[in-house]
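Structure record follows, encoded as structure tokens.
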There are 2 protein chains.
Amino acid sequence: MTRKSPPKRITIHDVASDAGVSFSAVSKVLRDAYGVSDALRARVNESIAKLGYTPNTAARGMRGKTHVIGVIFPDMRNPYFADVLSGISAALERTTYQMVQGIVQHSTEAALVQSMMNMQLDGLIIVGSISTSEELSGVAARLPLVVDGHHLPNATSFDTVNNDDAESGRIAVRHLVEQGYRKIAMLSLETHNGSVIERREAGYEEAMRAAGLGRHIEIARAPQSLRDIQVVTQSLIEKRVEAIFCWTDYVALEAMSVAGSLGLSIPRDVAIVGHDNTMYCGFEQNSLTSLDQSGEQSGLQAARLLIERIEGRQKAEHFLIHPRLVARRSSAAPA
Amino acid sequence: MTRKSPPKRITIHDVASDAGVSFSAVSKVLRDAYGVSDALRARVNESIAKLGYTPNTAARGMRGKTHVIGVIFPDMRNPYFADVLSGISAALERTTYQMVQGIVQHSTEAALVQSMMNMQLDGLIIVGSISTSEELSGVAARLPLVVDGHHLPNATSFDTVNNDDAESGRIAVRHLVEQGYRKIAMLSLETHNGSVIERREAGYEEAMRAAGLGRHIEIARAPQSLRDIQVVTQSLIEKRVEAIFCWTDYVALEAMSVAGSLGLSIPRDVAIVGHDNTMYCGFEQNSLTSLDQSGEQSGLQAARLLIERIEGRQKAEHFLIHPRLVARRSSAAPA
DNA sequence: CTGAAAGCGCTTACAG
DNA sequence: CTGAAAGCGCTTACAG
């Protein structure tokens with residue numbers, strides 16, 4: 001085993017001997033525990049600074065808290081998640097908690113959760129979970145959990161943060177109807193119970209019926225791949241729909257691309273509305289109308305709830321965000 | 001302290017007693033160590049499966065390897081990083097290594113590195129590092145390190161994976177010159193020594209001179225914010241440049257947006273070339289010419305190198321990727 | 001207010 | 001081939 005000899009790690013013992021105190025005194029200072037005099041604390045902190053000591057997270061994890069939380073994202077491609085992360089990060093800034101991310105790629109959400117539990121993290125935020133209520137309850141039984149973007153009928157063992165996704169669907173439809181569109185389709189995703197997408201679909205259908213457009217309800221579901229989105233968009237266009245509400249922005253941008261490739265002009269030939277109001281919406285070449293659910297706010301609240309839960313709160317809390325339409329050229333009234 | 005009592009964790013001892021062996025025998029099976037009979041191994045594996053045992057990463061970290069590596073990204077907004085992650089993930093799939101990500105937000109790269117060292121991770125991949133050679137050498141002295149996207153004059157204690165960024169700059173310029181453009185500017189980023197951006201600038205300048213266009217060299221550097229990019233793009237357009245080579249795609253998309261807002265048409269009034277060939281380039285409304293440095297390949301190689309290094313390789317290796325131009329409408333020859 | 005002891009769940013020599 | 005012992009760096013009662 002040829003290993004480079006790593007510079008010896010500085011431990012609590014080194015700090016103790018430098019400060020001339022017992023090593024348990026150092027531990028107490030670190031954890032802000034009771035029963036340390038100001039003099040002792042000052043001396044220890046000085047040594048910590050001098051030696052550049054940082055606690056070994058693995059060792060901490062064996063006994064108490066690691067002061068690290070985990071955040072799980074379903075993918076890194078959807079720019080909405082960057083907004084959520086930004087909110088979480090801001091909320092954590094003034095706390096002693098650090099964060100690591102797990103992004104579902106070839107592995108599964110469950111594997112990532114397991115891996116983070118094995119690392120003894122203090123709590124977990126799962127964004128856009130694809131797990132069932134039962135699975136999430138199982139996780140919540142083992143560590144503090146907040147789920148962001150998943151509507152669960154009866155989550156009592158963990159907190160949730162959600163956009164009012166049914167309202168998103170309603171707002172999108174009402175807006176398009178006001179602009180003069182009637183044959184409004186929805187471009188959705190093959191999904192599962194309790195997902196944000198399911199709620200958006202429900203809101204879409206409800207508003208269509210309320211507007212007397214029930215006969216025009218048309219929900220097309222495509223997997224996440226660009227190729228599939230293309231095919232499904234084409235078929236909607238062939239059906240001569242007048243407007244398409246897409247479950248997330250990048251799908252809307254792809255739909256826009258397909259329409260353009262077919263020589264159609266937006267919104268004249270087909271109007272498009274996205275969801276999340278990510279940074280690409282504002283680009284002139286897209287000018288995509290979108291529903292803003294403030295990912296930043298969502299992340300901020302999720303982090304707040306998680307910390308409260310780590311510090312002892314037992315009762316579940318559920319935070320709801322109200323979406324807001326940002327109208328742009330892609331849904332302008334037909335001339 | 002009212003804490004929910006978490007279901008007791010299954011440890012190596014539980015497995016041992018279930019299998020009727022000593023707990024050290026279990027440890028050996030887990031680590032594939034020498035000196036375990038097939039019969040014992042089979043019995044232990046059966047118990048592991050039955051009990052659903054997974055090793056406690058924190059405990060492992062106290063003595064040996066955690067089998068977890070860390071990947072640090074400078075941000076989550078640039079879609080190029082999703083490609084890199086995908087490559088790393090693919091490379092890890094057939095190994096026993098898990099991965100967590102750290103994304104630089106409000107914290108710093110150095111803080112994230114420290115945090116991951118404290119977690120006793122087995123190795124680190126830093127993508128798009130902003131640290132100096134010295135800082136990175138300091139990290140490499142403590143754990144196996146691969147740096148992706150950072151040209152360091154004399155990295156001997158860690159591996160690197162790089163795109164040939166000077167070549168990217170040259171290819172961009174040559175392509176634009178072939179298409180008939182002469183006043184070619186570069187939209188860059190305020191940056192540091194050894195960065196990929198610096199190299200792209202160097203390649204740009206070199207190719208401009210080689211084409212006899214030295215007098216048209218114009219490098220505008222903007223911070224990462226959309227607002228700043230707007231201002232800088234406007235000033236380039238006011239100088240009546242004929243083409244703009246942007247250091248990364250989303251900057252190019254923003255430049256495109258600014259041009260559009262000013263009523264200019266692309267490429268007739270100004271041609272645009274991006275870098276990374278991320279998924280947005282192919283959208284009809286963008287149709288952005290871009291240099292493909294294959295983020296997936298980059299991630300794949302980085303993970304391979306890191307694992308080799310974790311398993312004992314001492315000599316530094318440096319992998320170079322050759323960029324490839326993907327031409328689209330944004331740089332078509334002026335009619 | 002301060003310190004000595006036990007123990008978290010593993011790995012790593014070492015002894016049988 | 002198998003197992004008992006020591007120890008990684010902390011936290012948590014507990015004793016002084």
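Since this is a predicted model, take the numbers as computed values, not measurements. Lettering follows sequence order; numbering is per chain, from 1. Note: hydrogens, waters and symmetry copies are ignored here, and every other heavy atom, side chains too, is used.
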In Å, rounded to the nearest 0.5 Å, how long is the span from OH of Tyr53(B) to CG of Leu30(B)? 5.0 Å
Got a second to check how far Met116(B)'s CE is from Thr66(B)'s OG1, nearest 0.5 Å? 11.0 Å
Work out which heavy atom in Phe81(B) is nearest to a heavy atom in Asp75(B); give both atom names and the distance. CD1-O, 3.3 Å
Using whole Å, what does the distance between atom P of nucleotide dG3(C) and atom CG of Leu40(A) come to? 7 Å
Just by modelled atom types, is the Ser129(B) backbone N or O under 3.5 Å from a matching donor or acceptor in the His150(B) side chain? yes
Using a 4.0 Å cut-off on protein heavy atoms (strictly under), produce a 5'-to-3' string for nucleotides 6-16 of chain C with B for base contact, S for backbone-only sugar-phosphate contact, and - for none. -BBBBBB-B--
Counting only heavy atoms not in Glu46(B) (residues, nucleotides, ligands), do more than 12 fall under 6.0 Å from its CD? no
Under the 3.5 Å Watson-Crick or G-U criterion, the dot-bracket string of DNA chain C, with | for inter-strand pairs: |||.||||||||.|||
d(Asp122(A) CG, Glu311(A) CD) to nearest 0.5 Å is 9.5 Å
Is Arg43(B) salt-bridged to Asp18(B), cutoff N-O under 4.0 Å? no
Closest heavy-atom pair, Gly299(B) versus Asp148(B), reported as atoms and distance to 0.1 Å, is N-OD2, 4.2 Å
